[in-house]
Participant: 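Here it is: the structure, laid out below.
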Amino acid sequence: MEKSKFGKRFEGKVAIVTASTQGIGFSIAQRLGFEGASVVISSRKQKNVDEAVGKLKAQGIEALGSVCHVSNAQQRKNLIEQTVQKYGKIDVVVLNAAVNPSVNPILQTKESTLDKLWEVNIKTSILLLQDASPHLSKCSSIVFISSISAFQPPPGMAMYGVTKTALLGLTKALATELAPHTRVNCVAPGFVPTHFASYITSSEIKRREMENMTSLKRLGTTQDMAAATAFLASDDASYITGETIVVSGGTPSRL
Ligand code: NAP
């Protein structure tokens with residue numbers, strides 16, 4: 001990503017992005033930072049946090065890192081407290097953490113796995129926003145990261161897809177509850193070859209198959225997802241709330 005290409009829509013703004021030391025979350029933090037935001041990044045591992053902060057700072061981005069496994073209540077509180085201590089407010093929160101721990105059909109998924117999917121993919125985002133809400137600025141913006149799987153949960157990741165469908169509803173519900181000062185929107189990425197989705201690039205045949213499921217005949221990039229997220233988080237989207245943008249190169253996405 002080239003910094004000089006972008007505007008400065010986030011000058012003076014403070015953005016928290018969860019699960020942001022690599023992949024889509026990192027690119028979102030980088031894009032918001034290129035556009036002038038002070039970005040607060042986090043993930044489970046200190047080493048990853050330190051490396052990601054180093055990369056952002058080397059690109060001239062004001063960045064703070066905090067270890068935050070989203071399931072850890074104390075680490076969620078620390079993330080918010082450190083942000084407010086350093087920057088005094090929160091303008092943007094991007095909720096990007098997710099797990100996909102099972103390839104089983106839903107009725108053969110263990111209760112502990114169902115709990116984990118609900119916990120990481122949905123509940124912890126709500127809890128983090130509960131901690132963040134007293135500090136949200138008057139024109140703040142929240143963006144959930146859902147998935148193309150929300151629209152047609154695929155075999156092998158069906159329950160993951162269902163949790164991502166729930167985020168579409170959570171977006172609508174919170175958009176109503178938090179209006180008029182906070183907008184709440186959602187990005188549903190298509191297939192992006194990250195660590196999380198390493199199955200996409202497990203073979204050339206699989207990769208082609210995934211590319212051919214798109215109209216544009218290519219996989220998405222983390223930057224494609226960052227661009228849509230930055231749009232929704234910015235004042236360019238100031239009359240948009242409760243909506244989901246599907247960024248999937250035309251992969252069908254009807255509920
Ligand atoms: P990724 O490249 O594997 O990155 C995952 C990031 O999350 C890492 O920084 C990881 O760092 C952190 N992380 C993992 N578990 C965490 C936890 N419990 N708490 C806090 N941080 C955690 O993944 P990605 O593909 O960018 O996925 C990001 C989001 O996009 C997810 O919500 C995913 O569902 C969604 N998505 C991805 C695709 C795709 O094709 N890639 C498609 C649709 C939707 P640590 O290891 O240090 O924790």
Side-chain angles (χ1 to χ4, degrees), residues 16-31 39-53 55-56 65-76 78-79 93-102 115-125 127-128 143-154 156-168 170-171 186-202 206-207 209-211 213-214 218-226 228-229 244-249 251 253:
I16 292 177
V17 185
T18 66
S20 46
T21 54
Q22 64 176 23
I24 292 170
F26 181 81
S27 283
I28 292 170
Q30 188 184 40
R31 174 67 187 255
V39 292
V40 184
I41 58 138
S42 60
S43 77
R44 294 167 299 180
K45 297 178 196 130
Q46 184 74 59
K47 183 172 167 286
N48 294 347
V49 170
D50 292 344
E51 279 174 14
V53 167
K55 279 188 207 158
L56 293 171
S66 179
V67 170
C68 179
H69 187 316
V70 292
S71 297
N72 184 317
Q74 190 54 55
Q75 291 181 355
R76 287 195 306 268
N78 292 346
L79 173 65
V93 185
V94 180
L95 299 138
N96 175 62
V99 285
N100 179 25
S102 170
D115 287 344
K116 186 167 187 182
L117 279 157
W118 149 250
E119 179 183 301
V120 176
N121 296 5
I122 307 166
K123 185 177 82 171
T124 59
S125 292
L127 295 174
L128 187 83
V143 183
F144 289 102
I145 303 302
S146 174
S147 169
I148 187 69
S149 307
F151 295 87
Q152 182 59 58
M157 48 201 291
M159 197 57 217
Y160 160 84
V162 173
T163 62
K164 293 295 192 178
T165 316
L167 292 182
L168 312 185
L170 185 59
T171 299
C186 181
V187 168
F191 314 117
V192 186
T194 61
H195 176 71
F196 182 79
S198 49
Y199 68 95
I200 296 175
T201 44
S202 57
K206 185 75 194 164
R207 188 188 177 101
E209 191 188 306
M210 306 305 277
E211 286 170 349
M213 285 167 76
T214 73
R218 71 164 175 90
L219 300 176
T221 64
T222 59
Q223 289 83 3
D224 292 328
M225 308 310 142
T229 307
T244 296
I245 296 187
V246 179
V247 189
S248 70
T251 311
S253 59

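Read the numbers this way: they start at 1 and go in the same order the structure lists the ligands and their atoms.
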Participant: Hey, are the side chains of Thr229 and Arg31 touching, using non-hydrogen atoms and a 4.5 Å cut-off?
Facilitator: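 Thr229 vs Arg31: side chains apart.
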
Participant: Numbering the atoms of ligand 1 from 1, which are under 4.0 Å from a heavy atom of Lys45?
Facilitator: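 The atoms of ligand 1 under 4.0 Å from a heavy atom of Lys45 are 46 (O), 47 (O).
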
Participant: So which atom in Ser125 and which in Phe144 form the shortest heavy-atom distance, rounded to 0.1 Å?
Facilitator: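 That would be CB-CE2, 3.9 Å.
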
Participant: I need the nearest protein heavy-atom contact for atom 38 (C) of ligand 1: residue, atom name and distance, please.
Facilitator: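 So the nearest neighbour among protein heavy atoms is Gly190 O, 3.9 Å.
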
Participant: Do any nitrogen or oxygen atoms of Ser147 lie less than 3.5 angstrom from nitrogen or oxygen atoms of ligand 1?
Facilitator: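 So ligand 1 has no N or O lying under 3.5 Å from an N or O of Ser147.
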
Participant: Under 3.5 Å between any N/O of Phe191 and any N/O of ligand 1: does that happen in this structure?
Facilitator: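 No: no nitrogen or oxygen of Phe191 is under 3.5 Å from one in ligand 1.
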
Participant: For atom 2 (O) of ligand 1, which of Gly220, Gly23, Ala97, Ala197 has the closest heavy atom?
Facilitator: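 Checking each option, the heavy atom nearest atom 2 (O) of ligand 1 is found in Gly23.
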
Participant: Could you say whether the N/O atoms of Val192 and ligand 1 ever approach to under 3.5 Å?
Facilitator: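 Yes: some nitrogen or oxygen of Val192 is under 3.5 Å from one in ligand 1.
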
Participant: How far is atom 28 (C) of ligand 1 from the closest protein heavy atom, and which atom is that?
Facilitator: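 Ranking protein heavy atoms by distance from atom 28 (C) of ligand 1, first comes Asn96 OD1, 3.3 Å.
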
Participant: Please verify whether a non-hydrogen atom of Ser42 lies at under 4.0 Å from ligand 1.
Facilitator: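 For ligand 1, residue contact (heavy atoms, under 4.0 Å) with Ser42 is absent.
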
Participant: Considering only the protein, which heavy-atom contact is closest to atom 8 (C) of ligand 1, and what is its distance?
Facilitator: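 So the nearest neighbour among protein heavy atoms is Gln22 CG, 3.5 Å.
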
Participant: Hey, does Lys164 sit under 4.0 Å from ligand 1 if you only count heavy atoms?
Facilitator: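 In this structure, Lys164 qualifies as a contact of ligand 1 - some heavy atom is under 4.0 Å.
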
Participant: Going by heavy atoms, is Tyr160 under 4.0 Å from ligand 1?
Facilitator: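 Judged by the 4.0 Å heavy-atom criterion, Tyr160 does count as contacting ligand 1.
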
Participant: Nearest protein heavy atom to atom 7 (O) of ligand 1, by residue and atom, and its distance?
Facilitator: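 That would be Ala19 CB, 3.2 Å.
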
Participant: What protein heavy atom sits nearest atom 18 (N) of ligand 1, and how far away is it?
Facilitator: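 Going atom by atom, the protein heavy atom closest to atom 18 (N) of ligand 1 ends up being His69 CE1, 3.3 Å.
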
Participant: Just need the protein heavy atom nearest to atom 37 (C) of ligand 1, so name the residue and atom and give the distance.
Facilitator: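 Atom 37 (C) of ligand 1 sits closest to the protein heavy atom Ile24 CD1, 3.7 Å.
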
Participant: Backbone or side chain, does any N or O of Val120 fall under 3.5 Å from an N or O of ligand 1?
Facilitator: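 Checking ligand 1 against Val120, no N or O pair falls under 3.5 Å apart.
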
Participant: What is the nearest protein non-hydrogen atom to atom 48 (O) of ligand 1, stated with its residue, atom name and distance?
Facilitator: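 Here the closest protein heavy atom is Arg44 NE, 2.7 Å.
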
Participant: What's the shortest distance from atom 20 (C) of ligand 1 to any protein heavy atom, and which residue and atom give it?
Facilitator: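 For atom 20 (C) of ligand 1, the nearest protein heavy atom comes out as Cys68 O, 3.1 Å.
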
